[in-house]
Amino acid sequence: MSNDAAVTENPPPSRRAKHEKQPLSEQEAAAKRAKAEKIGRTVAVFIMPLMIVGMMIWGYLGAMHHQSAANMPVAISATSSAAASDFARALEDSNAEAVDLRFVDSAREARELVYDREVTAAVDLDGDTATLYTASGAGMSATSAITAVLTPVIMEQSLELASQDLVPLPENDSMGMGAMLLATAMITAGYMPWSMAFSNSPELLKRRRALPLLGGWSILLSGLGILVGGPILGVIPAASILPAWSTLALGVFAVGAGQLLLTRIFGAMAVIPGMFLFMVLGQPASNMGMSVYTLPKIFPFLHQFLPMPALGEAMRSVLYFNGDGAARHILILAGGAVAALLLVALLDALRIAKGKSDIPTQINVASLHGGPRPKNKAWRYITLAALPFGMIAIMLSSMLGAMQTPVPRDMPVAVVGSSVEQAQQTVDSLNESMEGMFELTAMDNAADARYLVESQELTGAFVLPSEQSPEAAVYTAQASGNAASQLVVQVFTQIGQAQQMDVDHQELAPLPEHDNMGTVAMYLGMGWVMAGFMVIMVGATAAPHMAPLQKLVPLVAVYSAFMSAVLCLIAGPFTGAVEGHFGQLFSVGMFAIFAVAMLTTVFNRLLGMVCLVPTMLIVMFLGVPASNGGLSIYMEPRIFTILHDILPMPAAVEAIRAIVYFDGVGLGSHLVVLAIWALACLAVTMVIDQLKPVQTSSHPVSAEELAALQGRALEAKASEAAASADAIDAEAGDLADAEAAAGESGTGDREKDAVSV
């Protein structure tokens with residue numbers, strides 16, 4: 001045999017070490033597992049927010065950044081078939097894709113279709129008059145969209161327009177926000193508690209406990225909605241309280257049953273499909289805030305069976321249509337609840353047949369309040385219920401209170417005349433008829449007014465006719481706030497026309513086609529805020545070892561850059577909601593995410609997961625109304641005008657608006673707000689850490705409780721008794737040995753004494 005062969009068959013020890021892994025000691029293996037677990041938990045801090053925030057913002061931006069009417073059902077009636085055909089032809093030539101026409105025999109039939117919400121509008125042609133029937137109670141968005149489509153055609157046909165709103169909205173709910181926000185709150189109340197219970201108190205998910213709890217919770221939370229919406233805010237009339245209460249309770253129950261089913265299928269990850277089904281798809285498909293006929297084609301289809309649309313439309317029927325039309329939506333909710341519970345029973349039976357438990361047997365979140373797990377179950381259950389209850393109460397009170405009656409309050413508008421005196425006369429006259437609605441400023445220079453509108457210091461300007469310009473003019477900047485711009489145009493155009501003036505509307509900052517409603521800034525800002533909030537909530541549970549500031553700050557900095565890049569990609573190339581500005585949006589987004597994360601850290605250090613309530617109050621429930629994003633701050637209670645200059649959500653939204661539409665003008669002041677929040681919260685966290693030790697590991701759960709969950713309670717008790725008996729035997733043996741030793745010692749002493757004697 002050659003030397004080479006010998007070397008191959010018997011390689012030296014140094015070469016064998018390279019090819020053969022030495023077995024790890026038990027201690028080394030445990031250390032390796034612990035390291036891998038830490039890495040996995042740290043990665044989860046990135047993955048979970050990415051999935052939740054990315055899913056929501058992609059869904060909202062993809063669905064709602066561009067709105068255009070499509071296939072809106074419209075009924076046409078006429079005294080002659082020729083007139084109906086001519087009008088239909090003109091309408092199709094103008095915008096064929098916007099409408100889906102149907103012809104009816106009489107104006108009465110047309111009105112009934114509008115009232116029954118079978119069509120979005122109806123036109124009755126009688127000679128030279130065209131009567132446009134709409135129902136604001138069926139949705140302000142749909143009414144506005146179809147009116148914008150039909151009115152120009154009616155005018156082009158030289159017809160006299162007569163408009164009739166068959167179901168006007170009540171004065172104390174003039175935008176129909178009551179039905180939408182109540183439905184949204186109840187959907188949240190339905191899916192949120194069960195995901196929390198899965199991780200904290202899984203024994204509550206057992207079917208014999210879950211069903212009565214779900215029933216009681218549904219009555220309690222719907223009662224909260226009735227209390228806030230009825231006696232407190234007056235959105236729900238007294239006559240509608242009982243039907244509204246039962247409808248809301250059914251909605252909570254149906255969504256809760258659906259989420260219970262999702263926990264059986266997806267376990268701890270059920271929160272993600274729950275949010276996707278009930279909110280990401282449900283909110284756009286609800287037909288509440290925006291008409292489904294102005295969104296992508298999938299949403300009219302989803303509107304037919306998802307729980308959010310069913311509950312929203314049922315509440316709309318109860319509040320605005322005397323309950324007419326609610327039955328089919330209630331059947332959808334009831335049928336969904338029954339189907340979900342039957343599937344839960346089936347899955348439980350299958351698991352039990354396989355010898356598995358029908359409930360989770362692990363506890364991922366031992367404590368919600370930041371301290372050790374309460375030994376008393378009652379305190380644990382109270383905390384578990386109080387968290388979503390408090391969140392829904394604040395959500396309803398703040399958001400519904402802010403947006404139920406959007407009317408102008410001290411909206412800044414300039415009145416421009418040939419002299420300040422002339423303008424002041426008009427201002428004095430307008431203040432008498434519109435006291436408190438507008439904060440009017442008299443000016444004599446149209447160029448100055450134009451500059452103030454472009455710099456967002458004014459929401460609009462009304463320029464009186466002069467020798468140089470015989471027409472009146474209204475200046476607005478749509479990109480600074482679409483709702484305010486529309487209101488200024490509407491009000492001051494009517495004022496000019498009432499005084500026999502021709503009014504020219506000059507839009508100084510129009511919105512682009514890909515953001516024709518101006519919602520992109522709000523949704524992208526919401527993504528930044530949610531990303532900052534989520535990293536701390538997930539990190540506190542999944543990776544408590546990263547809680548010390550020296551580890552947390554670098555982690556959050558890297559995460560902020562990561563999520564800002566992801567959200568910029570979603571807003572830009574993925575959905576087309578934003579064109580360009582990647583570098584600026586990425587930088588500011590990273591800054592905003594970090595600031596909100598530091599704010600959340602303060603409350604998390606003090607309250608644990610209960611920080612959800614105060615943090616969401618500041619960054620979302622007060623932040624969204626104060627953001628000037630969806631609704632102008634000058635159309636809400638005055639407190640939101642103050643909060644607009646303070647809170648991080650408005651700073652984020654206005655920063656996006658400044659970058660995308662105003663070439664960065666005014667960006668600096670919003671960055672200062674975010675910097676103050678970031679630095680102040682970081683400083684407060686440092687103080688808290690000096691006074692209170694940072695929790696770097698999960699609070700333990702007793703072996704007895706885990707054994708009970710796993711169905712090993714008797715086994716655990718037997719082991720405990722055996723261990724106790726062994727301990728008693730050992731103690732008795734020790735005592736016997738001690739007595740024997742003492743006896744021997746005494747005998748020796750006596751012998752020594754005898755020898756001595």
Side-chain angles (χ1 to χ4, degrees), residues 111-112 114-118 120 133-144 164-190 218-219 221-255 282-283 285-292 303 306-334 392-393 395-407 631:
R111 289 194 299 270
E112 288 176 350
V114 173
Y115 182 84
D116 293 337
R117 285 148 283 169
E118 297 293 330
T120 55
Y133 296 110
T134 57
S136 298
M140 284 294 295
S141 174
T143 297
S144 300
Q164 186 175 346
D165 191 345
L166 301 179
V167 187
L169 288 162
E171 290 185 5
N172 59 352
D173 188 14
S174 58
M175 294 293 290
M177 301 296 287
M180 184 185 79
L181 290 176
L182 283 166
T184 302
M186 295 304 108
I187 294 293
T188 305
S218 302
I219 294 172
L221 266 291
S222 57
L224 173 64
I226 294 299
L227 176 64
V228 175
I232 295 177
L233 297 178
V235 172
I236 304 174
S240 301
I241 283 180
L242 287 179
W245 195 343
S246 58
T247 301
L248 292 176
L250 177 60
V252 177
F253 189 89
V255 174
Q283 186 68 41
S286 68
N287 198 39
M288 303 303 290
M290 299 177 184
S291 171
V292 290
H303 178 263
L306 287 182
M308 176 70 176
L311 180 56
E313 293 289 6
M315 282 302 298
R316 179 176 276 162
S317 298
V318 169
L319 295 181
Y320 314 133
F321 289 84
N322 298 317
D324 295 337
R328 59 178 176 174
H329 305 298
I330 289 174
L331 285 175
I332 291 172
L333 293 172
I392 300 302
M395 176 183 177
L396 281 172
S397 302
S398 58
M399 298 191 73
L400 186 54
M403 297 186 281
Q404 72 175 102
T405 53
V407 295
L631 189 63

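Treat the numbers as computed from the prediction; the structure is a model and nothing was measured.
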* Closest heavy-atom contact between Leu233 and Gly401? -> CD1-N, 3.8 Å
* Are more than 12 heavy atoms from other residues, nucleotides or ligands located less than 6.0 Å from atom CG of Leu331? -> yes
* Structure fact -> side chain to side chain donor-acceptor pair (under 3.5 Å) pairs touching residues 236-249, sequence neighbours excluded, are Ser222-Trp245
* **Leu311 CG to Leu248 CG distance, which is reported to the nearest 0.5 Å** => 6.0 Å
* Structure fact -> Residues Gln404 and Val235: closest non-hydrogen pair is NE2-CG2, 3.5 Å
* Asked: Just how far is it from atom CG of Asp173 to atom CE of Met403, taken to the nearest 0.5 Å?
  -> 11.5 Å
* **Pairwise distance CD1(Ile226) to CD1(Ile232) - rounded to 0.5 angstrom** => 11.5 Å
* **Polar side-chain atom of Tyr320 near backbone of Gly139 as donor-acceptor pair, under 3.5 Å** => no
* **Closest non-hydrogen atom pair, Val255 against Pro307** => CG2-CB, 4.0 Å
* Asked: What's the spacing between Ser136 OG and Leu169 CG if we round to 0.5 Å?
  -> 5.5 Å
* Side chain proximity check, Leu166 to Glu112, heavy atoms < 4.5 angstrom -> no
* Among His303, His329, Arg328, find the one that has a side chain to side chain donor-acceptor pair (under 3.5 Å) with Glu313. => His303
* **Validation row: Ile236, Leu182 side chains within 4.5 angstrom (heavy atoms)** => yes
* Asked: For the atom pair CE (Met177) and CG (Leu400), what is the distance rounded to the nearest 0.5 Å?
  -> 8.0 Å
* Structure fact -> In terms of heavy-atom contacts, Ser141 and Gly289 come closest through CB-O, 3.6 Å
* What is the minimum heavy-atom distance between Ser317 and Arg117, and which atoms define it? -> OG-NH1, 2.8 Å
* Asked: How far does CE of Met315 sit from CE of Met186, to the nearest 0.5 angstrom?
  -> 9.0 Å
* Gln283 vs Met290, side chain to side chain contact (heavy atoms under 4.5 Å, CB included): CA-CA, chis, key distance, verdict -> CA-CA 9 Å; Gln283 186 68 41; Met290 299 177 184; over 6 Å; no
* Evaluate side chain to side chain contact (heavy atoms under 4.5 Å, CB included) for Thr184 paired with Met395, printing each intermediate quantity in order. => CA-CA 10 Å; Thr184 302; Met395 176 183 177; 3.6 Å; yes
* Asked: Between Met288 and Ala179, which heavy-atom pair has the shortest distance, and what is it?
  -> CE-CB, 3.6 Å
